[in-house]
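I have placed the structure first, in the form of C-alpha cells, so that the comments after it can refer back to it.
Note that the numbering runs from 1 along the sequence shown for the chain.
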Amino acid sequence: MKLTTLATCNLNQWALDFDGNLERIIASIQIAKNSGARYRLGPELEITGYGCEDAFLEDDTFLHSWECLGEILKSDLTDGILCDTGMPVMHKNVRYNCRVFLLNSKILFIRPKLVLAADHNYREPRWFVPWQLRGKLEQHYLPRMIRDITRQATVPFGDGAIATRDTALAPETCEELFAPDSPHIYLGLDGVEIIANGSGSHHVLRKLNQRIDLIRSGTSKSGGVYLYANQKGCDGGRLFFDGCALIAVNGEVVAQGQQFSMQDVEVITATVNLEDVRSYRGAMVSRSVQASQSQPIPRVDVNFDLTAEQYNLAPSAPLKVRYHCPQEEIAYGPSCWLWDYLRRSGSRGYFLPLSGGSDSSSVATIVGSMCRVIVNEAAQGNQQVIQDVRRLTGMEETDYVPLDARELANHLLYTCYMGTKNSSKATRSRAKSLTDQIGSFHLDANIDTIVAAMYELFVRLTGKAPRFKVEGGTNDENAALQNIQARLRMVLSYFLAQLLPWMRGKQGGLLVLGTANVDESLRGYLTKYDCSSADINPIGAISKTDLRSFLRWAVDNLGYSALNDIIEAAPTAELEPLTETHVQEDEADMGMTYAELSRFGRLRKIHRCGPVSMFERLVHEWSHLAPGEVAVKVKRFFRYYAVNRHKMTTLTPSYHAESYSPDDNRFDLRQFLYNVRWTWQFHKMDELVDKMQRKQ
C-alpha cells in the first residue's frame, strides 16, 4: 500500500487580524504535524482573512501577508510537511488570489485562482484578476524580505501541479469547484492524484449538500483524493463561514469536520492509500481513453515523499456524511455568528426589544442557543471560549467557567418588553415566560407617557390632533401614529443598551439586535428607523416559514415550552388600538401571506423575475386562482416592493442565510428609487390576463 496522512482544517479567521490569523495558522500546522500528516491544507486567503474587500486594493494588505508568510518560513514549522496556504500576491503589477506551497522553509510554487467568484455576495473581480493561461508557468520574483529568509530569487507562478517523488498534487480554489469546467477534471486526467481546495464558502440554509455532492461526484467520476478546507465563523461582515472541512477518496467521504462550532482551529486528518486511486482509475476504460489524450500540466518537481512505509497505519474508512436539518442550521449558524461578533466587537452583550411575537422570540431563542453552545464548549475545555466569557462578564481575574446556559444568558442577554395601550396582556405574558426559560435580564416597560409626549408636542405645534383609522382617521394619520411608537422603541433600545450594564455595575455597552425577517424586509413591512433598526440582525435573511419551523424545533430540542403559545399566535405589530371588531394582524396589513411573500422573494431574486415573468410563472403555479387574481397579487407585491425599496438602504446588517435576501448594501444591488406605478410592465400583464381570459 502507498499510504499517506493528509490534513485539512477549519480556521476562524478575521479580516486584517494578521496576529490572530497567523497564530491560528501556526496552531493548525503544529496539530497536523503532530498527527503525522505530510500535507496540510488551509482555507482561502487565510493569512488576510477572506473578507478584506477593498482592503485588498491596499498595498499594506499585501505587505503584511508577506510578513506573516516570512514568520512561518523563518521557523521550523514547514520542516517535513508540505503546507498549502492562501494569500493575495501581486505578480507583474496584477493582483491575484493565490495558493502558496511551502516546504522545509522554502516556497515551492504559487498558484493563482483561475475562476473568481463574481455573483451573489462575492465581488472578487473588484480586487483580483483570474489567471487565464491554463497550463502555463512563469517566474515570480520574490520580495526582498522573503529572499533574505529562503535564499530564493524566483519561484514558479501559474497553473501547475506539485510532483513529489511518489504522487502529484494540485490546488483547486473555492469557486473553481462550482465552475462547469472545473480544474479537477483536467488535472485528474493528467494523473494528478490529490486535489486540494482551500475555500472561503459561507453558510446558506440547505447549501452544504450541494458542496459535498460536487466533491463526491467529481471524485467518483474520475477517481482521486479531494481535500476541502474552509474558513469558519464571522470574518467581519454578514457572512458566516461554516467550516465542514472534509477529505474524500473515490467518491467516499473519509473525514469530515464540524459545520458549526466555536473552536477557532479544527484540523481533520485521514490516511489514504494512493494505490486505491490508481486501481480505481485504471479500471475506468472511458477515463483511460480521455487521459491518454489529455494536455499535460506543468509539474513543479519536489524532492519529497508524501507516502511513508508505516505498517501500523490503516486507510481511513468511509463514513456517513453528517448534515444538519434547516432548524438546526438556524439554531447553530446564527448562534456562532453572534458569538464571534460579540467577542470581537468589544461590547458586553446583546439588547433585544422583545415583543412576545415570533420574530423577536426567534432572536431570543437563537441567543439562548448560543449560550447553550458556549456552555458545551466550556465543558469540553475550549480555553478560548472560557477566556472570552470571563472577559465579557467582567470576571477576567476569576476562575469562572459557565456551567448553566440560563445563568450565562443573564450576563449576555438583556431583554425589554416595551408595551403601550395598544399592547395585549397575552404578548406581555409570552415575553415574560420566554425570558424566564432563557434566563435573560428582563425589563417590562410601558412607553405610553413617551408616546403621549410626542403626540402632545405635535398637537401644540400644529393645532391638529391625528387619529387612528379605527377612530375615523386617515391612512396617513394611522401610519404616523403607528410609526412613532415603533421609532420611540428604537430610541429607548439604544438608551437602555448603553446604560443597563452600568446599572448592574458593569462597564461597556450592549449591541442592539434587530428582529425583522427576510419576508418583512422584502415587502417593506417595517418602519424605517424603528425597532427593526439595530446593530445586527440574526434573522434578517430567514423566512417567516423557516422561523416558525425553527421555533417548533426549539420547543423539543431546547426546552423552551413558552414558544408554543408564541407559535400559535397570529403575527401582529400591536400598533393600532384593539377593539371588539378590529385586531391588527400582519398578513391582513400586508395584503399577502408570508408564504406568498417567500415565493415572490425567490422569484424576484433567485430567478430574476420582473413583474411580467413573475406573473407568467405564478399563473401556472397558482392554477387554483384566476389569472386576474394572480395579476392583482403580483402587482400588489411589486408596488409595495418599489415603494419601500428605500428602506433597504438602512437595513440592519443581517446574518446571510437565505438566497433571496433583499439587503441593498451587499447582496441585492438594485436601485432604491422606482417608478412605483410600473406602467409598462403592468400594462403588459393586463394584456396577458385579457388573452388568457379570452382563451378560457
Original post:
Can you name the residues that form a side-chain contact (heavy atoms from CB on, under 4.5 Å) with Asn410, not counting sequence neighbours?
Top reply: Phe441, Arg504
Original post:
Do you know which two heavy atoms are closest between Tyr350 and Leu338, and how far apart they sit?
Top reply: OH-O, 2.6 Å
**OP:** Output yes when a side-chain donor or acceptor of Ser654 lies under 3.5 Å from a complementary backbone atom of Thr652, and no otherwise.
**Re:** yes
**OP:** Kindly indicate whether the side chain of Glu46, heavy atoms from C-beta on, has any atom under 4.5 Å from the side chain of Gln231.
**Re:** no
Original post:
Got a donor-acceptor contact below 3.5 angstrom from the Thr593 side chain to the Glu596 backbone?
Top reply: yes
**OP:** Identify the heavy atoms of Trp553 and Tyr332 that sit nearest to each other, and give their distance.
**Re:** CH2-OH, 3.8 Å
Original post:
Quick check, are the ring centers of His203 and Phe260 under 6.0 angstrom apart?
Top reply: yes
**OP:** Taking the side chain as every heavy atom from C-beta outward, state whether Asp399 and Arg390 have any pair of such atoms under 4.5 Å apart.
**Re:** yes
Original post:
Do Ser659 and Lys207 have side-chain N/O donor and acceptor atoms under 3.5 Å apart?
Top reply: no
Subject >> Lys232 side chain to Leu11 backbone, donor-acceptor under 3.5 Å >> reply: no
Original post:
Is a side-chain donor or acceptor of Ser661 paired with a backbone partner of Glu658 at a separation under 3.5 angstrom?
Top reply: no
Original post:
Under 3.5 Å, is there a donor-acceptor pair between the side chain of Ser433 and the main chain of Arg430?
Top reply: no
Subject >> Minimum side-chain heavy-atom gap Val321-Gln256 below 4.5 Å >> reply: yes
Original post:
Going by heavy atoms in the side chains, are Leu408 and Asp404 under 4.5 Å from each other?
Top reply: no
Subject >> Side-chain heavy-atom pair Asn422, Phe468 within 4.5 angstrom cut-off >> reply: yes
Subject >> NZ/NE/NH1/NH2 to OD/OE distance under 4.0 Å, Asp668 and Arg670 >> reply: yes
Subject >> Given Leu547, Asp546, Ile542, the one that forms side-chain contact (heavy atoms from CB on, under 4.5 Å) with Asn517 >> reply: Leu547
Original post:
So, the side chain of Arg523 versus the backbone of Met590: is there a donor-acceptor pair under 3.5 Å, distance only?
Top reply: yes
Subject >> Minimum heavy-atom distance Arg348-Gly394, with the two atoms named >> reply: NH1-N, 3.6 Å
Original post:
side-chain contact (heavy atoms from CB on, under 4.5 Å) with Pro662: which of Lys605, Arg645, Arg604?
Top reply: Arg645
Original post:
Do the side chains of Asp388 and Trp339 get nearer than 4.5 Å, heavy atoms only?
Top reply: yes
Original post:
Backbone N or O of His442 within a donor-acceptor pair of the Ser440 side chain at under 3.5 Å?
Top reply: no
Original post:
Hey, would you say the Phe600 and Phe637 ring centroids sit under 6.0 Å apart?
Top reply: yes
Subject >> Check: Glu477 side chain, Arg467 main-chain N or O, donor-acceptor pair, under 3.5 Å >> reply: yes
**OP:** Mind listing the closest non-hydrogen atom pair of Ala534 and Tyr494 along with its distance?
**Re:** C-OH, 3.1 Å
Subject >> Pairwise side-chain contact, Thr527 with Arg487, heavy-atom cut-off 4.5 Å (strictly under) >> reply: yes
Original post:
Can you tell me if Tyr525 and Asp589 form a side-chain donor-acceptor pair at under 3.5 Å?
Top reply: yes
Original post:
Of all heavy-atom pairs between Ser199 and Tyr228, which one has the smallest distance, and what is that distance?
Top reply: OG-OH, 3.1 Å
Original post:
For the residue pair Tyr594 and Glu520, what are the closest heavy atoms and their distance?
Top reply: OH-OE2, 2.9 Å
Subject >> Asn376 and Gln380: side chain donor to acceptor below 3.5 Å >> reply: no
Original post:
Rounded to the nearest 0.5 Å, what separation is found between the CH2 atom of Trp14 and the CG atom of Asn21?
Top reply: 9.5 Å
Original post:
Do the side-chain N and O atoms of Ser347 and Tyr341 include a donor-acceptor pair separated by under 3.5 angstrom?
Top reply: no
Subject >> Ring centres under 6.0 angstrom apart (Tyr641, Tyr674) >> reply: yes
Original post:
Is any side-chain N of the basic residue among Asp264 and Arg343 closer than 4.0 Å to the acidic one's carboxylate O?
Top reply: yes
Original post:
So do Met592 and Arg636 actually touch side chain to side chain, heavy atoms under 4.5 Å?
Top reply: yes
Original post:
How far apart are the C-alpha atoms of Tyr655 and His202, what are their side-chain angles, what is the distance that settles it, and do they pass the ring-ring contact (aromatic ring centres under 6.0 Å, His included) test?
Top reply: CA-CA 11 Å; Tyr655 178 96; His202 71 285; 9.4 Å; no
Original post:
Where the side chain of Asp519 meets the backbone of Lys544, is there a donor-acceptor pair that is under 3.5 Å apart?
Top reply: yes
Original post:
Is the backbone N or O of Gly51 less than 3.5 Å from a side-chain atom of Asp235, with the two atoms forming a donor-acceptor pair by type?
Top reply: yes
Original post:
Asp242 and Arg211: salt bridge (Lys or Arg N to Asp or Glu O under 4.0 Å), yes or no, with the steps?
Top reply: CA-CA 12 Å; Asp242 61 342; Arg211 188 192 306 164; 2.9 Å; yes
Original post:
For Arg344 and Asn12, does a side-chain donor sit closer than 3.5 Å to a side-chain acceptor?
Top reply: yes
Subject >> Candidate list Ile374, Asn382, Val401, test side-chain contact (heavy atoms from CB on, under 4.5 Å), partner Val389, passing option >> reply: Ile374
**OP:** Tell me yes or no: between the side chains of His411 and Thr393, is some donor less than 3.5 Å from an acceptor?
**Re:** no
Subject >> Between SG on residue Cys9 and CG on residue Asn230, distance to nearest 0.5 Å >> reply: 10.0 Å
